[in-house]
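A short write-up of the structure that comes next.
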Amino acid sequence: MHLHFSRRLVFVSLLLAALTSLGASARNLDGTLAMIVRPISTLPTIVQAGDAFEVTIVAGQPVEEMRVALYRGPDDTIVFTHSRQEPPLQPQDGSITVEAVVPQDMAPGLYDMLVTTRPDRRRDTAERAVKVVAQWPQSYVFAHVTDVHIGREDPPLRDQVFKRTIAEINPMGVDFVLISGDDTDRATPEQYRDLLQPLDGCEVPTFLSPGNHDRAEGEQPGAAGNIYERYCGPGNYAFDFGSHRYLCLDTSWGWEYLNLPANRTWLEQQLERPKPSMGVAFSHRFSDKEFPYFQEQLPANNYRLCVYGHTHDDGMQWIGPKRLMLLNTSEELMGTYNIVTISGDQVFAIDHVQRKCAD
């Protein structure tokens, strides 16, 4: 299959008006995901100018024409085009994935993404989906927030606490935010919608993982239509930041992550990939019974840090002879979060932000 990558910068005068009628963040009117599967606001992509990133869409039939564009305001940079003169893009397991190349001269920043397809005349947008960097930095900073518990009544107004946290993080100049589970309190559609509204106020990429509060009662692992996946995308995923790799581990189904064969298979496949110069695992919780596995296998593959939540505690400790760092952050009780600085291939600094109360 021949893919044509366009580097043209074009002005589309009606783009903003068209996007306004589509809804935001690759979502239906009820907040659930629509055509775009990845990248999305809860699972974005960070890419260096001149490099490629993957775009996955839901598709039940071949696509004869497809366009992927990044935009801020009225400027629309086409990063992938597939025309009728080329063989149709064929769905695999109900989806189509293409590679889109970012122009070498594209300005750094956080972009929204527009996807259009034919002959089905579909179009979808993903806000805050793609961050472009000019080059990978030698040092960078991320924020770790957890246990947001949108909808919890004690303390109340969790969406306001979360909104305030995002407003505080925005001017700090972090490169991205990890939000490690219990994003909602009871996994209702209303709580997911209340989560997404303040989340979209974040000015940097936000990577979410599910917690035990983010699953509806009676849902089965891997079943189609599970609520977290409908709003936020897959629970297990990986992303690269330069030569560093981040693994999101879905520990929302039970205390033991590795008890689910699909989890073990996915993690083993990730660890079989070429080793990153440094790796970070983030999840909602880690089982004491599984710490021997993690403290052996993760450092053996250059993963040096695990960040998590669940216990509503703040702290840092080292485990195992290979010195795997565990970093826990409590957002739920105190409205706290950590700012983590990575320099070279090491954790350089951890700044803990703590308030007296969450109201």
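Contact check on Asp250 versus Arg215 returns a salt bridge, with a Lys/Arg side-chain nitrogen under 4.0 Å from an Asp/Glu carboxylate oxygen. With salt bridges taken as basic N to acidic carboxylate O contacts below 4.0 Å, none links Arg118 and Glu64.
Remark: side-chain polar atoms of Asn28 are paired, donor with acceptor, to backbone N or O of Leu33 under 3.5 angstrom. With Arg27 contributing its side chain and Tyr231 its backbone, the two residues share a donor-acceptor pair below 3.5 Å. The backbone N or O of Arg186 sits less than 3.5 Å from a side-chain atom of Gln191, completing a donor-acceptor pair. Judged by distance alone, the side chain of Asn302 and the main-chain N or O of Lys275 form no donor-acceptor pair under 3.5 Å. No donor-acceptor pair under 3.5 Å is formed between the side chain of Asn338 and the backbone N or O of Thr329. Side-chain atoms of Asp182 do not come within 3.5 Å of backbone N or O of Thr146 as any donor-acceptor pair. Judged by distance alone, the side chain of Asn170 and the main-chain N or O of Gly201 form a donor-acceptor pair under 3.5 Å.
Within 6.0 Å of OH in Tyr293 there are more than 12 heavy atoms belonging to other residues, nucleotides or ligands. More than 12 heavy atoms of other shown residues, nucleotides or ligands fall within 6.0 angstrom of atom CD in Glu190. Within 6.0 Å of CZ in Arg84 there are more than 12 heavy atoms belonging to other residues, nucleotides or ligands.
Tyr71 and Asp76 make their closest contact through CB-CA, 4.2 Å (heavy atoms, listed as atom of the first residue, atom of the second, distance).
Remark: Glu153 engages no residue in a side-chain hydrogen bond (donor to acceptor under 3.5 Å, both in side chains) (not counting sequence neighbours). Remark: Thr116 pairs with no residue by the side-chain hydrogen bond (donor to acceptor under 3.5 Å, both in side chains) rule, at least two apart or across chains.
Side-chain atoms of Phe80 and Glu99, non-hydrogen and from C-beta on, never get closer than 4.5 Å to each other. Proximity of Val58 to Ile36: side-chain heavy atoms (C-beta onward) are nowhere separated by under 4.5 Å. In this structure, Phe291 and Leu326 have side chains that are in contact, with non-hydrogen atoms separated by less than 4.5 Å. Arg245 is listed as a side-chain neighbour of Arg273, based on a closest heavy-atom distance under 4.5 Å. Counting heavy atoms from C-beta outward, Val145 and Leu178 have side chains that stay 4.5 Å or more apart.
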Checking Glu219 against Tyr228 for the side-chain hydrogen bond (donor to acceptor under 3.5 Å, both in side chains) test, could you report, in this order, the C-alpha distance in whole Å, the side-chain angles of both residues, the deciding distance, and whether it holds? CA-CA 10 Å; Glu219 288 187 335; Tyr228 179 85; over 6 Å; no

Could you walk me through whether Asn212 and His310 pass the side-chain hydrogen bond (donor to acceptor under 3.5 Å, both in side chains) check? CA-CA 8 Å; Asn212 54 292; His310 185 61; 3.2 Å; yes

Test log, rule salt bridge (charged side-chain N to carboxylate O under 4.0 Å, His left out), inputs Asp30 and Arg193: CA-CA 8 Å; Asp30 64 355; Arg193 290 194 291 270; 5.7 Å; no

Is there a side-chain hydrogen bond (donor to acceptor under 3.5 Å, both in side chains) between Glu54 and Thr97 once you walk through the steps? CA-CA 6 Å; Glu54 289 189 345; Thr97 298; 5.3 Å; no

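Side-chain atoms of Thr206 and Arg128 include a donor-acceptor pair closer than 3.5 Å. A donor-acceptor contact under 3.5 angstrom links the side chains of His244 and Tyr140, judged on distance only. Between Thr81 and Arg67, the side chains place no donor N or O within less than 3.5 Å of an acceptor N or O (distance only, hydrogens not considered). With no hydrogens or angles considered, a side-chain donor-acceptor pair links Ser283 and Thr251 at under 3.5 Å. Judged purely by distance below 3.5 Å, without hydrogens or angles, the side chains of Ser343 and Ser139 never pair a donor atom with an acceptor atom. Residues Thr184 and His149 have side chains that never bring a donor and an acceptor to within less than 3.5 angstrom of each other. Between Asp351 and Tyr337, the side chains place no donor N or O within less than 3.5 Å of an acceptor N or O (distance only, hydrogens not considered).
Between Phe207 and Phe239, the gap from one ring centroid to the other is short of 6.0 Å. A centroid separation of 6.0 Å or more is found between the aromatic rings of Tyr257 and Phe286.
Note: Gln135 CD to Gln48 CD = 7.0 Å, rounded to the nearest 0.5 Å. Between atom CG of residue Leu247 and atom OH of residue Tyr237 there is a gap of 10.5 Å, rounded to the nearest 0.5 Å. Remark: Asp214 CG to His284 NE2 distance equals 7.5 Å, nearest 0.5 Å.
Under the 6.0 Å distance and 45° angle rule, Arg72 counts as a cation-pi partner of Tyr111.
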